[in-house]
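FYI, side chains are in, hydrogens and waters are out, and symmetry mates aren't considered; it's all heavy atoms of this structure. All ligand and atom numbering here is 1-based and tracks the order in the structure.
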Amino acid sequence: MMTSEQRYFFDVTGYLHLKNALTAEELAAGQEASLRYIETPTDQLPEGFGKDGKRHLNGFAFDESLECLVFHPSIWPIIMELTNGKPRLVSGTLQVDLPGAGGGALHCARDDYGWESCRYEVRENRIYCDNFVIFPYFDDVLPGDGGLLVVPGSHKSAFSRPRHLFQNGNPTDLDNLPQGIINPTPKAGDILIISELLTHGILPWRPTDRIRRILVLRYAPQHCGSGSIPEALKSRLRPETQELMASAHYTHIKEIAKQNPAGQIEK
Ligand SMILES: O=C(O)CCC(=O)C(=O)O
């Protein structure tokens, strides 16, 4: 389960920043594998992989060093708490901002899919959140670089965001961020976690000599949503990862939820 500090911070802000979550070895392996994916020409990628702008599809499955991060010990207790012990990995893209990469306007599940699309609740002193994203960082983000924007606390907003607020919902100037928005600056090896109810956006990537690589790991409770493990990936993935990605009934308890795979699954 989450620590009391994590629970308090996530409940108040809607996000968590885990500093130095990856070991030096985990980070180096993730950096090497992600670069290998980026540098592989599309027509030479194995089945199940492909590039769509900055999105490198199924990046988590490209290499074992990336796959094992979906169970990383720094995030597994948080995944278990937020899904009430019934976790499912929905998808895992490798996202790459090259120099000059564009940003994206503010959005969240409430804006995109309606107020009823996502649940965030506290029960028995635990947080339940049925749509959240975990971002392991493979590159430093320094103040002034750009990248993720969040509106802390907005995951609990009871009101629709006025469209003109926050520079018409599309703040692009890091030097003049509207009041109420922050630009977290994780270092390589850090992990960010956000509720999809948290209003967030992306600033253009300013550095001309550095890129930003993150995994975008989407989690939900096992009974939520549809979709299945891409057939082309099945033979590559460990049985534990396949079980993590499988949809299941509300009452089912997955083996991975009984055994605590965090820390046992290594590259
Ligand atoms: O680029 C990021 O840091 C976050 C990406 C994201 O969450 C999104 O595109 O919705």
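- Donor-acceptor pairing under 3.5 Å is recorded for the side chains of His72 and Glu26.
- The nearest protein atom to atom 10 (O) of ligand 1, hydrogens excluded, is given as His107 NE2, 2.8 Å; this is a heavy-atom distance.
- Of all the listed residues (His200, Arg212, Arg55), Arg212 holds the heavy atom that lies closest to atom 2 (C) of ligand 1.
- For NZ of Lys19, the number of neighbouring non-hydrogen atoms (other residues, nucleotides, ligands) closer than 6.0 Å is 12 at most.
- Heavy-atom contacts of Phe135 reach the following atoms of ligand 1: 4 (C), 7 (O) (cutoff under 4.0 Å).
- Within the 4.0 Å heavy-atom criterion, neither part of Val133 lies near ligand 1.
- Between Phe62 and Phe49, the ring-plane angle classifies as perpendicular under the 30° and 60° cut-offs.
- Considering backbone and side-chain N/O atoms, Arg218 never comes within less than 3.5 Å of an N/O atom of ligand 1.
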_Evaluate His107 against His200 for ring pair (Phe, Tyr, Trp, His ring centres under 6.0 Å), listing each step before the verdict._
CA-CA 6 Å; His107 61 283; His200 60 287; 4.3 Å; yes

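- Taking atom 9 (O) of ligand 1 as the reference point, the nearest protein heavy-atom neighbour is Ile202 CD1, 3.5 Å.
- Below 30°, between 30° and 60°, or above 60°: for Phe132 and Tyr219 the angle between ring planes is below 30°, a parallel geometry.
- Counting only N and O atoms by type, the side chains of Arg212 and Tyr137 include a donor and acceptor under 3.5 Å apart.
- Contact analysis leaves Val216 out of contact with ligand 1, as no non-hydrogen atom separation drops below 4.0 angstrom.
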